[in-house]
Number of protein chains: 2
Amino acid sequence: MVSVGTPKEGSGAETRERILVEASRLFAVQGYHGTTTREIAAEVGISQPSLFFHFPTKKAIVEELCRLDLIPAVSRIEGLLAGGGSPAAKLFAMIAGEVACILASPYDLRAHLAYEVLNDPDLGTYRDLAHRFDEATRDVIRAGCDTGEFIEVDPAIAQQLVIAVLLRAPVTDRHVQPNLKDLEPQMSAALVLRSLLTDPGRLDDVAAEAAPLTRRYCAA
Amino acid sequence: MVSVGTPKEGSGAETRERILVEASRLFAVQGYHGTTTREIAAEVGISQPSLFFHFPTKKAIVEELCRLDLIPAVSRIEGLLAGGGSPAAKLFAMIAGEVACILASPYDLRAHLAYEVLNDPDLGTYRDLAHRFDEATRDVIRAGCDTGEFIEVDPAIAQQLVIAVLLRAPVTDRHVQPNLKDLEPQMSAALVLRSLLTDPGRLDDVAAEAAPLTRRYCAA
DNA sequence: GTCTATAGATGGATAGAC
DNA sequence: GTCTATCCATCTATAGAC
């Protein structure tokens, strides 16, 4: 019986994948510059020069992680904005959807996107993507303020609150009881929406309207 | 006329101070490991080896910054907990007070306390202080849940929300219109309290009760 | 207190065998 | 595809003059 499921690459793609997983974990805890290629290789279980068979440079590893994180995220949020729904439901779906994606990802993402990585001039390409994501977030917030669904708030401040919740999701995740894990996307979204809604009593209605949007968001 | 204001050290203490200021800014943007002693020295306007007249090691610089940030913060929050007031007012005062202190500080703090710095085994001393601050935050949240002022929420999740707002304060600050800067402590506190209060309509009362506590908090 | 020169250590990346 | 050996750049830190 011939194996048709796995392509010609053999175990090569697996090792490349394990490098991305372990590197993302180390970057998240120690930072990009605080992590050596020797540490990554040790976690993967290969020698340090073997890394360079799979990636041309150390920078290429973090660039690949940025790509895998930011390109789908920007496409998800811009797709959400293009569709229908109230601004409040869209923001709820975005937060719940992003947190769900972050927690489902094999990589320990988000943390390494902050600070040093996006500020590095060598990685400017991904800074543009991050700005597009932030801009889309501010658009939803602005729309909600215009319709009166949201309180009058500086979009930049509210957007920072959203980003803060997303960035802390993997950290929060580790501090929370396992039985609450499935609820974290909903709880994260509810926490932010409660603070932005003019009438917090509408939260359950917003969550209900957001449910199909969230499903579509995660599938996109 | 003899200068009595400045002590015997002459300009030595000034240079040491400028090193702390510039190092904190570079650490905040590039991370601790992403910043070299040459870059710090260049910002200060001295040669790289001259740093080592003022600090024995590079690590000593970041340790001093952690000390200057965490020791007063822990003392402030534990003093707040020991005093009177409702849990909601205490939490409001803590957030507004911390944001005010962060924005008033000559150092670009907080960012460098995250991730790589506190996770570094060499800096374990300050991890304990950070945990005391987090524990005190959870205590206030728990107290508010017990009295029914706050909604039923996992204290760990709500504490992460608070930490997230504090950590993003210097970042948010740079994105906000200058005329809103003075209001940022109040806005940050209000944003969090709105999401935690069982009755968000009480927000103005809570802010009023918190006002004297905030003043005492910043003075401590 | 600051400088130049440099030691000593570490980390990213290459060469070439298997 | 992974290994050992090693090069070379960079970085922290020291030595010693001024």
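- Salt bridge Glu98(B)/Arg76(B): present, at least one basic N to carboxylate O contact under 4.0 Å.
- Counting to the nearest Å, the C1' atom of dT2(C) and the CZ atom of Arg16(B) are 17 Å from each other.
- With respect to the salt-bridge test (charged N to carboxylate O, under 4.0 angstrom), the residues Arg25(B) and Glu39(B) do not qualify.
- Distances shorter than 4.0 Å separate none of the side-chain N or O atoms of Ser50(B) from OP1 or OP2 on dG1(C).
- Rounded to an integer number of Å, the gap from Leu51(A) CG to dA13(C) P is 10 Å.
- Taking atom CD of residue Gln48(B) and atom P of nucleotide dC11(D), one finds them 10 Å apart after rounding to whole Å.
- Between the side chains of Thr137(A) and Gln159(A), no donor-acceptor pair of N or O atoms lies under 3.5 Å.
- Residues from residues 27-37 of chain A placing a heavy atom under 4.0 Å of any atom in DNA chain C, listed by number, are Thr35(A), Thr36(A), Thr37(A).
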Decide yes or no on salt bridge (charged side-chain N to carboxylate O under 4.0 Å, His left out) for Lys59(B) and Glu64(B), but give the supporting numbers first.
CA-CA 9 Å; Lys59(B) 202 176 78 179; Glu64(B) 175 81 356; over 6 Å; no
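- For Phe53(B), the listed nucleotide lying nearest its side chain is dT2(C); candidates were dT14(C), dG1(D), dT2(C).
- The main-chain N or O of Val140(A) is never found under 3.5 Å from a side-chain atom of Lys90(A) such that the two would form a donor-acceptor pair.
- The side chain of Ser47(A) approaches dC3(D) more closely than any other nucleotide in the set dA5(C), dC3(D), dT2(D).
- Figure legend: cation-pi geometry between Lys58(B) and Phe52(B) absent, as NZ or CZ is not positioned both under 6.0 Å from the six-membered ring centre and within 45° of its axis.
- Under a cut-off of 6.0 angstrom, the local environment of CZ in Arg132(A) is sparse, with at most 12 non-hydrogen atoms contributed by other residues, nucleotides or ligands.
- Computed from coordinates, the Ile19(B) CD1 to dT12(D) C1' distance equals 15 Å when rounded to whole Å.
- The CZ atom of Phe52(B) sits 5 Å away from the C1' atom of dT12(D) (whole-angstrom rounding).
- If you measure from atom CD1 of Ile46(A) to atom P of dC18(C), you get 21 Å, rounded to the nearest angstrom.
- Atom CZ in Arg38(B) sits roughly 14 Å away from atom P in dA9(D) (whole-Å rounding).
- Rounded to whole angstrom, the span from the CD1 atom of Ile40(B) across to the P atom of dC11(D) amounts to 12 Å.
- In this structure, Thr15(B) reaches the dT2(C) phosphate: one of its side-chain N or O atoms is under 4.0 Å from OP1 or OP2.
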